[in-house]
2 protein chains.
Amino acid sequence: MAAPTEPAVGPGGRRRAGQGPPPGCRSSLSPERLALAAIELADAEGLAAVSMRRLAASLGVGTMTLYYHVRDKDELLDLMWNEFLGGHLLDDIPADWRTALTEIARRIRQSFQRHPWALGVAVRPALGPNKLRYLEQYLTVASRITDDPDEQLRIIHSVSDLVVGCTLRELSGQAYRDPDEPAGDHNDDPAPMLEPQPGFDAIVAAEELPRLQSLRTAGCRLLTPRFEQALGWLLDGIEAAHPGARPAPPRPVEAATPTPDLVGTAATTRMHPKKGA
Amino acid sequence: MAAPTEPAVGPGGRRRAGQGPPPGCRSSLSPERLALAAIELADAEGLAAVSMRRLAASLGVGTMTLYYHVRDKDELLDLMWNEFLGGHLLDDIPADWRTALTEIARRIRQSFQRHPWALGVAVRPALGPNKLRYLEQYLTVASRITDDPDEQLRIIHSVSDLVVGCTLRELSGQAYRDPDEPAGDHNDDPAPMLEPQPGFDAIVAAEELPRLQSLRTAGCRLLTPRFEQALGWLLDGIEAAHPGARPAPPRPVEAATPTPDLVGTAATTRMHPKKGA
DNA sequence: CTAGTCCTCGTACGGTGTACGACGGCTGCT
DNA sequence: AGCAGCCGTCGTACACCGTACGAGGACTAG
């Protein structure tokens, strides 16, 4: 509980392992350590539990000590987001672009399901190192579909958007889950019931919403996810728009090698300027 | 500023206009009025500004008065979300399902852009009256594609998910906007630059991320939205999966009529029980 | 006139993010 | 050796948050 154990989200954002604080650094609080401790907290008790006081306590330091290593709580969230993204980079990218995109999408979705707090941080626009590595990976796949870089970005974003939107809905719906359902571990289909709200029938009846009514009598469940199917449709559309992109990659560019480290370079060993500076 | 003016999001959630407090009700604080005032606050100063104290002050009542009409702050957010959803219901649904779905999607997206706070509330799973009306509208369109209700839901959700994900990314990226850009009012394409973060080049260079590098030298902008294109791909995929669903609706069912009101029925004229009850 | 219900709201408690400044220990210069 | 100055830590204080509790006014029904 007190001592933050190792990975929690992945192998520490793709850095070379076993790497204490930088040689010249006198502090033991690396940005990474902060992020991992915060993630541990969020995993255990939700994003709301990640307060500066709680985090400091879990690290065994004074609250204000954190502010030496981090400008804001926002910056802390950025660190968490970066660490989260590092958790689902692919080790090697499948040759076929369709399976590659599917694989990437599945990984994000799984990560979100394992760390639901991440959706509350996903709004964060920060382009951290892992976000860049992540984009690079996406781009590697997209370049097998088209040579137009703008089109590559459109493809990437459309897939990523669908995943985020879908996962967001799934997780938000998870609140009212049918307790009878087996709810299989982490695969597809966390299917909540149709009537979570009291007064549902009254409203549906009085408003004459025939479609909903028949859905209800048919015993249908709202919020069936079927993530895979939606992704399939989208990929179908993309494929149709880019005929002749099916087989092997036209020009092989090796994936980004996880070369040593530059992860925290911009953020280490310097006093944190106030926001205006 | 103090007195919350009229619509702010739409014609008050589809209710008959000019309708003071219910006859037997002694209070002037309807759920609707609360929601509208909160929305006004959020529009003006962001979701963070919507605190119980601020809201109460803007309504000219004591803070704790709100808790008679609302159990939680969460319930207040539910009311805001419901009101928000009421703002983009279609008045009449185009006959062609593709243009209908496109129209619905565009409306949500516009609403989100006009009320960015709504994305912070979109996680809310509550099935309020307007959410139901909204689903009904969606279902009306989807029933022209397939008769399988489960498939209808899958279609609806995939479209909705894409819109939410896309808008979420767009708005979060809006933070670092290129100030040179004309930024045309509210149409497509709020295109932020590629380098919002300092240290970008250093990371890209040191990590050998060739795709990103070339994207950068090509002057490409990350985060180009192209919402329409992504939606088009998805609809293409859906269309391909359901051949022969193109022309007119097979069996005409009139859209849900905005019959009188039942909006706040379940929530009016009763003390608010504590959460457990 | 009285009992009861509806509605309002002042006070207080425990939480939050963080500005400010004090303080000890280490480094490097003279 | 002495001393200046930075690095890293952190106690205190402030404004703000959501909301539990209960007092009390206004109105209605009997």
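Chain naming here is simple, since letters A, B, ... match the order of the sequence lines and numbering starts at 1 in each.
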Counting any heavy atom closer than 4.0 Å, what does A:Thr65 reach on the DNA or RNA strands: base, sugar-phosphate only, or nothing? base

Tell me: CG of B:Leu66 to C1' of D:dA20, nearest whole Å? 15 Å

Can you tell me if B:Tyr68 touches the phosphate of C:dC7, counting only side-chain N or O atoms and a distance under 4.0 Å to OP1 or OP2? yes

Between A:Phe84 and A:Trp117, how do the two ring planes meet: parallel, tilted or perpendicular, split at 30° and 60°? perpendicular

Interatomic distance where CE belongs to B:Met52 and P belongs to C:dG10 [whole Å]: 15 Å

When you measure from the side chain of B:Asn130 to the backbone of B:Leu85, do you find a donor-acceptor pair of N or O atoms at a distance under 3.5 Å? no

Go nucleotide by nucleotide along DNA chain C from the 5' end; which of A:Met64 and A:Arg54 gets its closest nucleotide reached first? A:Arg54

B:Arg71 CZ to D:dT19 C1', straight-line distance once rounded to whole Å: 14 Å

Is A:Asp74 paired with A:Arg124 through a side-chain N to carboxylate O contact shorter than 4.0 Å? yes

Are the side chain of A:Arg107 and the backbone N or O of A:Leu89 linked by a donor-acceptor pair below 3.5 Å? yes

Separation of D:dT19 atom C1' from B:Glu75 atom CD, nearest Å, is 14 Å

OH of B:Tyr67 versus P of D:dA23: gap in Å, rounded? 21 Å

Check the distance between C:dG15's P and A:Glu45's CD and give it to me in whole angstrom. 13 Å

Just how far, in rounded Å, is P of D:dG18 from CG of B:Leu77? 9 Å

Length of the CG-P vector between A:Leu55 and D:dC10, whole Å: 13 Å

Quick check: any donor-acceptor pair below 3.5 Å linking the side-chain of A:Arg53 to the base of C:dG17? yes

If the cut-off is 4.0 Å, is A:Ser51 near the phosphate of C:dT16, judged by side-chain N/O to OP1 or OP2? yes

